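Contents: one structure, followed by commentary.
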Amino acid sequence: MAGMLELFTKQVDGNKAITREQAAAADKYVTTTMKFLHHHHANEDDIATPYLSTRFNMDEKICADHKRLETLMEAYSGGMKKLLASTDLQEQRTLLAGVKATFAELDPLCRQHFQEEETVAMPLMRKHFTLQEIEKNVVAKILRGMGPDDVGDYFRTLSKEEFRSFAKQEHIPFFIRWILQWQVAKYKKNIWQPFEQQCLTAAH
């Protein structure tokens, strides 16, 4: 998203409006990614935290961060919707400034939040629960709520070798691997590749 905003800024500063093709590709990617992030936070609030809290006290800051993150995510998504709906160059310039300001708050807070989950919550989870308990009471419930685009967004960055290694590690049956790979391929074709071509390549 940072790369998209950087490209849009250079483009608009060069007096070239965001095209309808760019807007369509960006809207699909941003909508899908923000849905995935909302899903992530909701899963923690509704599934992971209540279960983990039966054996240890979850860091209050991690839980409180969700409220601020959700507020910023809603502001960012709303700002992007308005920006991508606009066809007027000057209006795009004004809306883009607002979106960038929101993202400048959201991005570091999101990264810091994920880091705290990794360094604070994860070690406590591993200390107080077995892998089997987490798979049954947290992971399985989260997976049931994931749609095809969520799967694609989640696995997109893995190479084929990394995916095979992950699937083997997690004992994923061959047929399920095929379904997951199909969902990732569909996501790349319909969402990621158009976004990459239209919003991350300076050829407009």
Side-chain angles (χ1 to χ4, degrees), residues 1-44 64-118 146-160 162-163 181-204:
M1 289 192 189
M4 170 193 68
L5 294 177
E6 181 181 356
L7 184 141
F8 284 172
T9 298
K10 291 180 180 178
Q11 185 173 319
V12 170
D13 286 347
N15 294 318
K16 294 181 180 180
I18 298 168
T19 68
R20 293 301 83 205
E21 292 79 10
Q22 287 177 304
D27 182 60
K28 281 186 178 181
Y29 176 75
V30 171
T31 299
T32 301
T33 302
M34 298 310 290
K35 174 178 174 289
F36 184 77
L37 285 176
H38 281 298
H39 188 248
H40 169 83
H41 298 315
N43 284 333
E44 289 177 346
D65 279 348
H66 282 175
K67 294 181 180 180
R68 179 59 180 156
L69 282 167
E70 288 291 324
T71 298
L72 286 170
M73 287 162 59
E74 289 293 341
Y76 175 74
S77 295
M80 283 299 300
K81 285 287 185 185
K82 292 179 181 179
L83 171 64
L84 299 175
S86 175
T87 57
D88 179 77
L89 178 61
Q90 185 54 47
E91 184 180 43
Q92 287 182 359
R93 189 176 283 119
T94 301
L95 292 170
L96 182 57
V99 168
K100 288 171 62 180
T102 302
F103 187 77
E105 289 188 67
L106 174 61
D107 185 38
L109 180 59
C110 205
R111 293 176 187 274
Q112 178 187 355
H113 177 72
F114 292 151
Q115 182 65 28
E116 289 172 350
E117 288 178 342
E118 292 285 338
M146 290 180 70
D149 289 341
D150 297 320
V151 172
D153 203 14
Y154 184 75
F155 286 113
R156 177 188 63 78
T157 59
L158 294 185
S159 67
K160 291 183 179 179
E162 288 170 333
F163 180 83
Q181 289 177 312
W182 176 77
Q183 290 175 332
V184 173
K186 186 176 179 181
Y187 171 86
K188 287 182 177 180
K189 179 182 178 181
N190 295 334
I191 297 176
W192 173 252
Q193 290 172 357
F195 173 75
E196 185 177 37
Q197 293 164 5
Q198 292 289 336
C199 306
L200 297 180
T201 304
H204 302 278

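Note that the structure is a prediction, hence the values are computed from the model and not measured. This chain uses plain numbering: 1 for the first residue, then up along the sequence.
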Using the ring pair (Phe, Tyr, Trp, His ring centres under 6.0 Å) rule, pick out the option among Trp192, Tyr187, Phe163 that qualifies with Phe155.
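For Phe155, the ring pair (Phe, Tyr, Trp, His ring centres under 6.0 Å) test succeeds with only one of Trp192, Tyr187, Phe163, which is Phe163.
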Within the side chain of [X], is there an N or O that forms a donor-acceptor pair under 3.5 Å with the backbone of [Y]?
X: Gln198; Y: Ala26; result: no
X: Gln11; Y: Ala17; result: yes
X: Thr201; Y: Glu196; result: yes
X: Ser86; Y: Lys82; result: no
X: Asp27; Y: Ala23; result: no

Check: [Y] and [X] side chains under 4.5 Å, non-hydrogen atoms:
X: Val12; Y: Ile18; answer: yes
X: Phe8; Y: Gln22; answer: yes
X: Cys199; Y: Leu7; answer: no
X: Lys35; Y: Asp153; answer: no
X: Arg111; Y: Asp107; answer: yes
X: Gln181; Y: Lys160; answer: no
X: Phe36; Y: Met146; answer: yes
X: Val151; Y: Trp182; answer: no

With distance as the sole criterion, is a donor-acceptor pair present between the side chains of Gln197 and Gln193 under 3.5 Å?
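No pair is found: no donor N or O on one side chain lies under 3.5 Å from an acceptor on the other.
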Look up atom [atom1] in [X] and atom [atom2] in [Y], then write down how far apart they are to the nearest 0.5 Å.
X: His113; Y: Leu106; atom1: NE2; atom2: CG; answer: 11.5 Å
X: Asn43; Y: His38; atom1: CG; atom2: NE2; answer: 13.0 Å
X: Glu6; Y: Thr9; atom1: CD; atom2: OG1; answer: 7.5 Å
X: Gln112; Y: Gln115; atom1: CD; atom2: CD; answer: 9.5 Å
X: Leu69; Y: Leu37; atom1: CG; atom2: CG; answer: 8.5 Å
X: Arg156; Y: Asp149; atom1: CZ; atom2: CG; answer: 13.0 Å

Tell me, with the steps shown, if Lys81 and Thr31 meet side-chain contact (heavy atoms from CB on, under 4.5 Å).
CA-CA 9 Å; Lys81 285 287 185 185; Thr31 299; 3.5 Å; yes
Can you pull the ring pair (Phe, Tyr, Trp, His ring centres under 6.0 Å) pairs that have at least one residue in residues 84-111, sequence neighbours excluded?
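Checked against ring pair (Phe, Tyr, Trp, His ring centres under 6.0 Å) - neighbours excluded - the pairs reaching residues 84-111 are Tyr76-Phe103.
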Under the side-chain contact (heavy atoms from CB on, under 4.5 Å) criterion, do Thr102 and Glu74 qualify, and how do the steps go?
CA-CA 10 Å; Thr102 302; Glu74 289 293 341; over 6 Å; no
Name all residues meeting the side chain to side chain donor-acceptor pair (under 3.5 Å) criterion together with Glu44; count only those two or more places apart in sequence or in a different chain, and write none if there are none.
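Only His40, His66 meet the side chain to side chain donor-acceptor pair (under 3.5 Å) criterion with Glu44.
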Test side-chain contact (heavy atoms from CB on, under 4.5 Å) on Thr71 and Lys67; report intermediate values, then the result.
CA-CA 6 Å; Thr71 298; Lys67 294 181 180 180; 5.6 Å; no
Would one find more than 12 heavy atoms of other residues, nucleotides or ligands at under 6.0 Å from atom CZ of Arg20?
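Counting neighbours around CZ of Arg20, more than 12 heavy atoms of other residues, nucleotides or ligands fall under 6.0 Å, so yes.
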Is it the case that atom OH in Tyr154 sees more than 12 heavy atoms from other parts of the structure closer than 6.0 Å?
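At most 12 heavy atoms, drawn from other residues, nucleotides or ligands, come within 6.0 Å of this atom.
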[X] to [Y] - nearest heavy-atom pair and separation:
X: Arg68; Y: Leu109; answer: CG-CD2, 3.5 Å
X: Met4; Y: Leu200; answer: N-CD2, 3.5 Å
X: Leu5; Y: Met80; answer: CD2-SD, 4.3 Å

